[in-house]
Amino acid sequence: MPNLNDLMEMMDALETKAIITIPTFCVAVRNRHSSCRKCADVCLADAITIEKNELNIDAGACVACGACVAVCPTSALVPMDPMPDDLAAAVADTTNAAGGLTVIACARKAARNVGDPDKYAMVPCLGRMEEELLVELVARGIPEICLVDGDCSTCKYRGAVPAINDTVESARALLAAMGSDAAITHTSEFPASVQVADMRKAVGAARREFFTSSGHYAKDVAKSAAEKMVNEKLAQLNLQKQEQSLREKLGVKNGAGKMPTITAERNLNILDAMSRIGDPDNPAEPEMFTRIFGDVEVDVEKCSGCGMCVMFCPTDALRKSLDKHPEEGKAYMEFSVADCVQCNLCADACLKKCIEVIPVVRTAELFDFEPRLVEISASKTGNKLFNRKK
């Protein structure tokens with residue numbers, strides 16, 4: 001249980017940051033050869049820097065759009081404004097008030113006081129939207145999701161529009177694969193049923209929000225909904241006070257044949273929601289183009305069986321296989337498409353550049369609990385990774 005000093009330090013950190021980081025989840029921190037810069041590429045404020053195995057966000061430059069959160073493949077970035085649980089609660093309440101219609105609006109649109117504040121949830125920017133939330137809403141029976149932003153060229157968040165559109169299209173592809181006809185729309189106007197009838201109601205709600213929002217999330221850091229995140233952040237703060245090597249920060253044990261792995265929770269949650277939307281055994285689309293899951297292809301002729309791809313895979317999507325290949329000079333490794341997050345670290349770490357990550361996956365394989373055997377070259381004598389017993 002964190003003490004008072006820890007909580008005060010945590011609250012100070014949260015009051016000044018819209019996004020906090022979990023560096024040990026970041027593939028660019030885990031391996032300096034990683035090409036992943038998805039968060040930095042989508043950041044319209046150039047607030048994110050990744051260099052020398054470090055991930056940093058300039059809180060002063062950050063505009064809190066949340067686009068980096070949506071594109072991070074390993075969930076190394078955690079949003080604070082709003083926190084995931086707070087957003088989910090707001091969406092649930094407003095969806096009920098709107099008669100089953102989910103409406104999420106950006107702060108710019110909300111400030112115009114044309115929508116009924118009881119019938120829509122608000123985020124600083126729609127760049128904050130993630131496929132996980134959108135697909136889960138459909139799995140819960142929501143037939144239509146309307147994302148509303150202020151169509152204004154002067155908005156500081158306008159650079160996030162392509163990222164918003166990418167998220168919407170990605171969610172639509174996931175839903176189409178399961179045969180869902182739920183609609184996700186991105187528009188500049190509130191639906192007629194959500195437009196405010198009494199302007200005084202919207203203005204009053206805006207004023208109440210102004211006076212109650214300051215410091216709201218910092219005061220809630222000790223609550224159960226944020227407990228896990230708080231503990232993770234406190235661990236980071238402790239690490240920052242200590243002189244540790246990268247191996248120590250990542251928890252790499254001496255003699256280990258593989259880096260510590262993280263659970264692809266976002267992938268698992270999306271799969272769970274998809275399975276409730278359609279029939280996993282009979283998907284509507286045999287394959288889909290996606291940025292959430294990935295597939296791999298290996299050029300066996302180039303592969304040396306070094307095992308670097310398995311060693312550095314952050315989510316354990318690639319694993320050593322005990323199955324013996326019938327041909328001499330060849331071997332297998334196991335691959336789980338459901339655990340692949342398209343971070344591309346396997347390809348970046350490959351010494352022979354013989355592995356490629358593919359953004360097209362077979363839908364049925366997503367729900368197959370058995371990993372697929374991928375053919376590779378047999379490990380050479382003396383290989384210290386694939387010859388390990390552990």
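The shown structure was predicted, so the numbers you read here are calculated from the model rather than taken from an experiment.
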Scanning both residues in full, the closest heavy-atom pair of Cys340 with Ala317 reads N-CB, 3.6 Å
Sequence neighbours excluded, the answer for side-chain contact (heavy atoms from CB on, under 4.5 Å) partners of Pro280 is Ser275, Phe367
Let me check something: any side-chain donor-acceptor pairs from residues 349-362 under 3.5 Å, sequence neighbours excluded? List them with distances.
| unit_1 | atom_1 | unit_2 | atom_2 | d |
| --- | --- | --- | --- | --- |
| Lys353 | NZ | Asp348 | O | 3.0 |
| Arg362 | NE | Glu365 | OE1 | 3.4 |
| Arg362 | NH2 | Glu365 | OE1 | 3.0 |

side-chain contact (heavy atoms from CB on, under 4.5 Å) between Lys119 and Thr95, worked out | CA-CA 6 Å; Lys119 295 182 179 180; Thr95 297; over 6 Å; no
- Query: Does Met83 share a hydrophobic cluster with Val78, counting links as ILVMFWY side-chain heavy atoms below 4.5 Å and allowing steps through other members?
  - Reply: yes
With clusters defined by side-chain heavy atoms of hydrophobic residues (ILVMFWY) lying less than 4.5 Å apart, directly or transitively, does Ile22 cluster with Val42? no
So the ring-ring contact (aromatic ring centres under 6.0 Å, His included) pairs with at least one residue in residues 79-134 (sequence neighbours excluded) are Tyr120-Phe190
- request: Evaluate side-chain contact (heavy atoms from CB on, under 4.5 Å) for Leu373 paired with Glu334, printing each intermediate quantity in order.
  value: CA-CA 5 Å; Leu373 294 179; Glu334 296 178 352; 4.0 Å; yes
Legend entry - Thr167 side chain vs Ala163 backbone, donor-acceptor pair below 3.5 Å: yes
The reported gap from NZ in Lys330 to OH in Tyr332 (rounded to nearest 0.5 angstrom) is 9.0 Å
I'd like to know whether Ile292 forms a side-chain contact (heavy atoms from CB on, under 4.5 Å) with Ser170, so could you lay out the CA-CA distance, the side-chain angles of the two residues, the decisive distance to 0.1 Å, and finally the verdict. CA-CA 8 Å; Ile292 298 296; Ser170 178; 4.1 Å; yes
- Does some side-chain heavy atom of Val148 sit less than 4.5 Å from a side-chain heavy atom of Cys106? no
Here the pair of heavy atoms bringing Lys38 nearest to Val71 is O-CG2, 3.6 Å
OG1 (Thr315) and CD (Gln342) are apart, to the nearest 0.5 Å, by 11.5 Å
For Leu101 and Glu144, the nearest pair of non-hydrogen atoms, with its separation, is CD1-O, 3.6 Å
d(Leu345 CG, Cys309 SG) to nearest 0.5 Å is 10.0 Å
Would you say that Pro191 contacts Cys146 through its side chain, given a criterion of any heavy-atom pair below 4.5 Å between the two side chains? yes
Contacts of Asp41 meeting side-chain contact (heavy atoms from CB on, under 4.5 Å) (sequence neighbours excluded), chain-then-number -> Arg37
Practice prompt. Kindly work out whether a path of hydrophobic side-chain contacts (I/L/V/M/F/W/Y, heavy atoms less than 4.5 Å apart) joins Val341 to Leu134.
Written response: no
Checking Ser321 side chain against Asp323 main chain: does a donor-acceptor pair fall under 3.5 Å?
yes
| query | With side chains defined as the heavy atoms from C-beta onward, is the minimum distance between Phe312 and Val27 less than 4.5 Å? | reply | no
Taken to the nearest 0.5 Å, the spacing of Leu77 CG from Ile57 CD1 works out to 5.0 Å
| Thr94 side chain vs Asp118 backbone, donor-acceptor pair below 3.5 Å | no
Next on the checklist: With side-chain contact (heavy atoms from CB on, under 4.5 Å) as the criterion, how do Val138 and Met274 come out once you've worked through the C-alpha distance, each side chain's angles and the decisive distance to 0.1 Å?
Outcome noted: CA-CA 9 Å; Val138 174; Met274 290 174 67; over 6 Å; no
Applying salt bridge (charged side-chain N to carboxylate O under 4.0 Å, His left out) to Glu131 and not counting sequence neighbours gives Arg291
Cys36 and Cys343 have their tightest heavy-atom pair at CB-O, 3.9 Å
*Does Asn269 reach the main-chain N or O of Glu265 with its side chain, forming a donor-acceptor pair under 3.5 Å?*
yes
- request: Taking Arg30 for its side chain and Pro260 for its backbone only, find out whether a donor-acceptor pair lies under 3.5 Å.
  value: yes
Item to check | Test item: Leu87 and Val123 side chains (from C-beta on) under 4.5 Å apart, heavy atoms | outcome: yes
Closest non-hydrogen contact found for Leu55 with Ile50 is CD1-CG1, 3.7 Å
### Side chains of Glu136 and Ile270 in contact at under 4.5 Å (non-hydrogen atoms)
no
Value for CD (Glu132) from CG (Leu137), rounded to nearest 0.5 Å, stands at 10.5 Å
d(Leu271 CG, Asn267 CG) to nearest 0.5 Å is 6.5 Å
Beyond-backbone contact of Val91 with Ile104, side-chain heavy atoms, under 4.5 angstrom:
yes
Give the intermediate values and the outcome of side-chain hydrogen bond (donor to acceptor under 3.5 Å, both in side chains) for residues Ser304 and Ser377.
CA-CA 6 Å; Ser304 64; Ser377 291; over 6 Å; no
- Message: Is any side-chain heavy atom of Met80 closer than 4.5 Å to one of Ile20?
- Response: yes
- prompt: Does Arg128 pair with Glu130 as a salt bridge, N-O distance under 4.0 Å?
  reply: yes
Just so I know, are the side chains of Val29 and Glu54 near enough to count as touching, which here means a heavy-atom distance under 4.5 Å?
no
Table please: side-chain donor-acceptor pairs of residues 171-178 below 3.5 Å, with sequence neighbours left out.
| unit_1 | atom_1 | unit_2 | atom_2 | d |
| --- | --- | --- | --- | --- |
| Arg172 | NE | Ile184 | O | 3.1 |
| Arg172 | NH1 | Glu169 | OE2 | 2.6 |
| Arg172 | NH2 | Ile184 | O | 2.4 |

On a heavy-atom basis, the closest approach of Met333 and Leu318 is CE-CD2, 3.7 Å
